[in-house]
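Each remark here refers to the structure printed beneath this line.
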Amino acid sequence: MSAPTRRIAHLDMDAFFASVELLRYPELRGQAVVVGGGHRATPTVDENGTRHFVRLREYTGRGVVTTSTYEARKLGVFSAMGMMKAAQLAPDAILLPSNFDSYRHYSELFKDAVASVAPRIENRGIDEIYIDLTDVPGETRTLAQRIKRVVADATGLTCSIAVAPNKLLAKIGSELDKPDGLTILSMDDLEPRIWPLAAKKVNGIGPKANDRLAALGIHTVGDIAAADPAFLQEHFGLSYASWLTRISAGIDEREIETESVPRSKSRETTFSRDLHPRRDRAELSERFTALCMRLAEDLERRNLTSACISIKVRFSDFHTVTRDHTLERGVADGASIRRAATECLKRVTLDRSIRLLGVKASALSEQSIDGGAPKWVQAEIQFDASADIG
DNA sequence: AATTTAACTCCCACCTCC
DNA sequence: GTTAGGAGGTGGGAGTTA
């Protein structure tokens, strides 16, 4: 007997960060609003209690757009776009700083609301989830409507949902009717509704793969389905080619993962101006230490230790290098992290200005109850003179 | 004894996603 | 003067081990 057709939903909150901001600033509803840019985008309140918002044209810096309202998207402003470029397209758009604590709060609210209808949920970041509706009683459309209702009641926000036989199709489907959408897809919809879509609509085909496909004359999902698997294998290797062929046939057997353990923790920062390894050595060292200390806090808060510390250095030309250092036993304190990260840094030639510095902890383990280094080692933090910027 | 080879791990760049 | 920050994953090359 074959397995019954599953009912997998994908739920995506509509312009999530921007919509949360509109709850706080309802007078901005209907306007082009862009979230991003840090504290300089904070609105001010004058003596009459009137709020004054920052316009995009007033922004200077290296940030990117985190998200934007649909009105701003109409002007061509999308997530991950450089802020300066966005300012050229929509100089009058309102700019707001991102407020992650608030987004996390609303994220919890909407996920709890969904869980009251269907408990088997997979987290995919702050604003989207997969939901397994297979064993939830009720008609598919009714269930989806009920979920949209409880989310709206709990948060005041709209979302878009698709229900399909698998994650692949559910994820594609939730984009088809945004915002406030409800889409139901079956395998019969593959040819008429999925094959005409651009290949890059598939979760897993990013800009690079899309360009390589386009160079071979493959533009849509249907083009992938029509391609000879042997031809795909020649250009993409067996593993990726097989995956492409399967997804183009709408096949995806991945299960809903209701729990996950963190694989890595990292902290990175882009400087407001590029820092030179020699001229700005003191500042670099200070920022480097701060990253290690913040990473240590993250690990300690979750009671994790790390046996592999990595660094990331991005130079002014955007060229990026990483280095790892594997440790004999897990660490979580700032001093040990900094020591390991310094070992990594010694292996990088530092002769150009640096744009970004990052520190990552992987090979994570749960800290034993009494294990780990005692608190006093933190006093040991010192600036190792042997490292270039240490 | 020297050489070949498969399997595994580590390191690193790169890709993708939100 | 594009290009954040945090995460997961893949695959090739180098080195090690059996």
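Please read all numbers here as calculations on a predicted model, not as lab measurements.
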>> Of the listed nucleotides (C:dG8, B:dT16, C:dG6), which one gets closest to any side-chain atom of A:P207?
In response: B:dT16
> Do A:F236 and A:W243 come close enough that some side-chain heavy atom pair is under 4.5 Å?
Replying inline: no
>> Mind checking if A:T67 touches a base, just sugar-phosphate, or nothing, with heavy atoms under 4.0 Å?
In response: nothing
>> Can you measure A:R212 atom CZ to B:dC15 atom P for me and round it to whole angstrom units?
In response: 9 Å
> Any side-chain N or O of A:T322 less than 4.0 Å from the OP1 or OP2 oxygen of B:dA13?
Replying inline: yes
> Within less than 4.0 Å of OP1 or OP2 of C:dG5, is there a side-chain N or O belonging to A:R267?
Replying inline: no
>> Within the 4.0 Å heavy-atom criterion, would you say A:T66 contacts the bases, only the backbone, or no part of the nucleic acid?
In response: nothing
> Can you tell which of C:dG6, C:dT3, C:dG1 lies closest to the side chain of A:E268?
Replying inline: C:dG6
> How do A:S266 and A:S79 order along DNA chain C: which one's closest nucleotide is nearer the 5' end?
Replying inline: A:S79
> A:E128 CD to B:dC17 C1': how many Å, rounded?
Replying inline: 8 Å
> Taking CG from A:N210 and P from B:dT16, how many angstroms apart are they, rounded to a whole number?
Replying inline: 9 Å
>> Which nucleotide wins on minimum distance to the side chain of A:R263, given the candidates C:dA7, C:dT3, C:dG9?
In response: C:dG9
> Where the side chain of A:F318 is defined as all heavy atoms beyond and including C-beta, which of C:dT3, C:dG5, B:dC18 is the nearest nucleotide?
Replying inline: C:dT3
> Does OP1 or OP2 of C:dA4 have a side-chain N or O of A:R355 closer than 4.0 Å?
Replying inline: yes
> Starting at CG of A:L364 and ending at P of C:dA7, how long is that distance when rounded to a whole Å?
Replying inline: 10 Å
> Checking all strands, does A:R273 fall into the base, sugar-phosphate, or nothing category for heavy-atom contacts under 4.0 angstrom?
Replying inline: nothing
> At under 4.0 Å, does any side-chain N or O of A:T320 touch on OP1 or OP2 of B:dA13?
Replying inline: no
> Closer to the 5' end of DNA chain C via nearest nucleotide, is it A:M81 or A:K265?
Replying inline: A:M81
>> For the residue pair A:R314 and A:F318, would you count it as a cation-pi contact if the rule is NZ or CZ under 6.0 angstrom from the ring centre and within 45 degrees of the ring axis?
In response: yes
>> What is the separation between atom CZ on A:F100 and atom C1' on C:dA7, rounded to the nearest whole Å?
In response: 13 Å
>> Is the terminal nitrogen or CZ of A:R273 (NZ for Lys, CZ for Arg) located under 6.0 angstrom from the six-membered ring centre of A:F271 and within 45° of that ring's axis?
In response: no
> Which is true for A:K360 with a 4.0 Å heavy-atom rule: it touches a base, it touches only sugar-phosphate, or it touches nothing?
Replying inline: nothing
> Roughly how far apart, to the nearest Å, are C:dT2 and B:dT16 at atom P?
Replying inline: 23 Å
> Does any nucleotide pair with C:dA4 by Watson-Crick or G-U wobble geometry, both distances under 3.5 Å, and what is it?
Replying inline: none
> Are any of the side-chain heavy atoms of A:I309 and A:V359 separated by less than 4.5 Å?
Replying inline: yes
> Please give, in whole Å, the distance from C:dT2 C1' to A:R62 CZ?
Replying inline: 10 Å
> Has A:K208 got a side-chain N or O lying under 4.0 Å from the OP1 or OP2 atom of B:dC14?
Replying inline: no
>> Using the side-chain heavy atoms of A:A80, tell me which of these nucleotides is nearest: B:dA13, C:dG9, C:dA4.
In response: C:dA4
> Any side-chain donor paired with an acceptor under 3.5 Å for A:Y103 and A:E21?
Replying inline: yes
>> Check this one for me: any side-chain N or O of A:R323 less than 4.0 Å away from OP1 or OP2 of B:dC11?
In response: no
> Base, sugar-phosphate, or nothing: which does A:V359 touch, judged by heavy atoms less than 4.0 Å apart?
Replying inline: nothing
>> Base, sugar-phosphate or nothing for A:G206? Non-hydrogen atoms, less than 4.0 Å.
In response: sugar-phosphate
> Where the side chain of A:T270 is defined as all heavy atoms beyond and including C-beta, which of C:dG8, C:dG5, C:dG11 is the nearest nucleotide?
Replying inline: C:dG5
>> Parallel, tilted or perpendicular, judged at 30° and 60°: which one describes the rings of A:F110 and A:F16?
In response: perpendicular
>> Could you tell me how far apart A:D324 (CG) and B:dT9 (C1') are, to the nearest whole angstrom?
In response: 12 Å
>> Taking 4.0 Å as the cut-off, does a side-chain nitrogen or oxygen of A:S264 come that near to OP1 or OP2 on C:dG8?
In response: yes
>> On DNA chain B, does the nearest nucleotide to A:D127 precede the nearest nucleotide to A:R347 from the 5' side, or the other way round? Give the residue.
In response: A:R347
> Which of these nucleotides, C:dA4, B:dA13, B:dC11, is closest to any side-chain atom of A:V321?
Replying inline: B:dA13
> A:T326 side chain: which of C:dA4, B:dC11, B:dT16 is closest?
Replying inline: B:dC11
> Considering only C:dA4, B:dC11, B:dC18, which nucleotide approaches the side chain of A:V64 most closely?
Replying inline: C:dA4
> How long is the span from the CD1 atom in A:I161 to the CG atom in A:D177, to the nearest 0.5 Å?
Replying inline: 11.5 Å
>> Give me each pair satisfying side chain to side chain donor-acceptor pair (under 3.5 Å) with a member in residues 129-154 of chain A, each pair once, sequence neighbours excluded.
In response: A:R7-A:T140, A:R120-A:D132, A:D132-A:T134, A:E139-A:T142, A:K148-A:D180, A:R149-A:D153
> Expressed in angstrom and rounded to an integer, what is the separation of A:N203 atom CG from C:dA7 atom P?
Replying inline: 19 Å
>> Can you identify which nucleotide, out of B:dA13, C:dG5, B:dT16, has its nearest atom closest to the A:L356 side chain?
In response: C:dG5
